[in-house]
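Since the structure comes first, as structure tokens, the remarks are kept for the end.
As a basis for the values below, the full set of heavy atoms in this structure was taken, side chains included, without hydrogen atoms, waters or symmetry mates.
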Amino acid sequence: MDFDSLVGEVNEFLGATDIFVRGDQKLQRMRDLMAALGNPQNEVRAVHVAGTSGKTSTAYFAAEFLRRAGYEVGLTVSPHIEDVRERAIIGGEVLSKGEYAGRLAEFLELVREIGLQPSYFEFYMAFFYWLAVWEKLDFVVVETGLGGLHDGSNVISRPDKICIITDIGFDHMEILGESLAEIAEQKAGIIQSGNAVFMYEQGLEVMDVVRARCEEVGAKLTVVRDDESPDFQVRNAGLAAQALEEQVGLTPGDLADMQVPARAEEFSWRGKKVILDGAHNPQKLRAFADFVKSRGDEAAILVVSFGANKAASLAENLAILRELGERVVLASFQDMSLETNFRESLDFAVMEEAAKEAGFGDVEVGGAAESALERAAKKADELGVKKIIVVGSFFLASDARRVMMDKIKLLTTQ
């Protein structure tokens, strides 16, 4: 079976799963699956990354530090951007579609024989752990999906696990809690007995929770010195570097040449510089805005969208983005994946009113990602602007990235 057909078959199988199971019940389902597979998650040493902002980039940097030091490394992040193979990156690369399909078909048959019904996230996380053993990896770098304590990734019980906690803020509050302490408790849930934990100093409400968790389970906390760079990717790489320097003994090199997909990622498209980022809450957007401003104050056209679940923070989000320009093209998205349970953007009328209230002087409704990008490029041509910023939702960033990558691939093959 080819890759696309097999992914469709997996989706059909997973469509019967109740994704709304919460708390310990949900994690128990994952534990049962891993036990039936022989607990492969404990066969390879792990770096486990949780947090609100920066965890995907930090995971990418950690994996790349290890790879360049000569280790065989696997990386899993979510959600994926182009296709599901990004949830099992081996040696810095996705597997070919043929090789991936072969392993996935074998794993799907194994899960069917076991007779358990995992969620989308659980299935692909279990597949990654299983694949890591098959590939004889030295390390896996694992990004949590949501939270930590009850997250499907949180089944590793090795005492030599390295935990990295990135900046914690308000996001997914309907699931993780209304206070920073409640959210921190969920994130710190990945910390297990004997683990080494690394994080930057954060507010007292967060640090008290993390320190209490470390004391409770017998883990060692190291608070990393923060150089407070306006480039949040420098901070993310620095956190990963110190954790691995202390725990693995490697000497981290310079990763300035590395771009993390849809995280402050830069493209040259239609004669414009495009900066693409999936930032979608005030904490992420503040870091992104500071990063962009640190790179220069040239005029930019913004392409922006926010999910329907971000209505409460919409005004604050747009006020931050207003610092980057006065012209915005509003975009829409609709994610139909099993993992997100069909998430879509806010209504244009809601975003348009909020954008005007935030002080944008030029607000245009642009449609889906491709249409919005084209409108932004046309507006930039008319005004002589050389920069476009795409931000506000990971799903918008993913859609826009796909549009630009398709055009770039088309040009290189002509």
Side-chain angles (χ1 to χ4, degrees), residues 45-78 81 86 89-93 138-144 148 161-169 187 190 195-202 206 210 221-267 275-279 283-296 391 394 397 401:
R45 192 175 182 191
V47 178
H48 204 174
V49 185
T52 303
S53 300
K55 60 188 171 73
T56 301
S57 295
T58 302
Y60 264 97
F61 290 133
E64 186 63 8
F65 280 133
L66 288 165
R67 189 190 71 80
R68 294 190 186 188
Y71 293 101
E72 296 295 330
V73 185
L75 167 67
T76 183
V77 297
S78 65
I81 299 172
E86 296 163 33
I89 298 171
I90 307 297
E93 302 285 344
D138 300 312
F139 278 92
V140 290
V141 179
V142 179
E143 179 195 12
T144 58
K161 184 177 77 170
I162 302 167
C163 296
I164 300 178
I165 309 293
T166 65
D167 295 344
I168 293 174
K187 307 292 185 180
I190 67 168
N195 292 174
V197 184
F198 294 82
M199 65 188 297
Y200 288 127
E201 184 76 36
Q202 299 186 42
V206 169
V210 176
L221 173 64
T222 298
V223 178
V224 177
R225 185 183 66 81
D226 189 346
D227 64 7
E228 298 182 349
S229 170
D231 186 333
F232 62 90
Q233 294 295 53
V234 170
R235 293 184 71 249
N236 293 332
L239 183 57
Q242 183 155 336
L244 295 174
E245 185 174 10
E246 291 196 14
Q247 287 298 301
V248 184
L250 59 80
T251 302
D254 184 4
L255 298 185
D257 60 330
M258 182 180 176
Q259 287 204 97
V260 178
R263 276 81 180 179
E265 189 177 18
E266 295 187 6
F267 288 86
I275 304 177
L276 188 73
D277 197 279
Q283 184 183 48
K284 294 173 188 283
L285 289 164
R286 179 74 271 154
F288 176 72
D290 289 345
F291 162 77
V292 172
K293 289 191 291 185
S294 74
R295 304 288 291 272
V391 68
F394 180 85
R401 189 180 193 275

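Looking at T76, its side chain never comes within 3.5 Å of a backbone N or O of V142 through a donor-acceptor pair. Side chain of K55 to main chain of V77: no donor-acceptor pair is present (N/O by atom type, distance under 3.5 Å, no hydrogens or angles). The backbone N or O of V206 lies less than 3.5 Å from no partner atom in the side chain of K187, so there is not a single donor-acceptor pair. The closest donor-acceptor contact from the side chain of Q283 to the backbone of I168 lies under 3.5 Å. In this structure a side-chain-to-backbone donor-acceptor pair under 3.5 Å is missing from S57 to G54.
Taking both residues in full, the closest heavy atoms of R225 and Q242 are given as N-OE1, 4.5 Å, listed atom of the first, atom of the second, then distance. Of all the heavy atoms in M199 and V210, the pair that sits closest is SD-CG1, 3.6 Å. Of all heavy-atom pairs spanning Y200 and G238, the tightest one is OH-C, 3.8 Å.
In this structure, D227 and R235 have side chains that are in contact, with non-hydrogen atoms separated by less than 4.5 Å. Within the 4.5 Å cutoff, side-chain heavy atoms of R401 are placed close to those of F267. Using a 4.5 Å heavy-atom threshold, the side chains of L255 and F65 count as touching. With contacts defined as side-chain heavy-atom distances shorter than 4.5 Å, the pair Y60/N236 does not qualify.
Partner of I190 under the side-chain contact (heavy atoms from CB on, under 4.5 Å) criterion, chosen from T144, N195, V197: T144.
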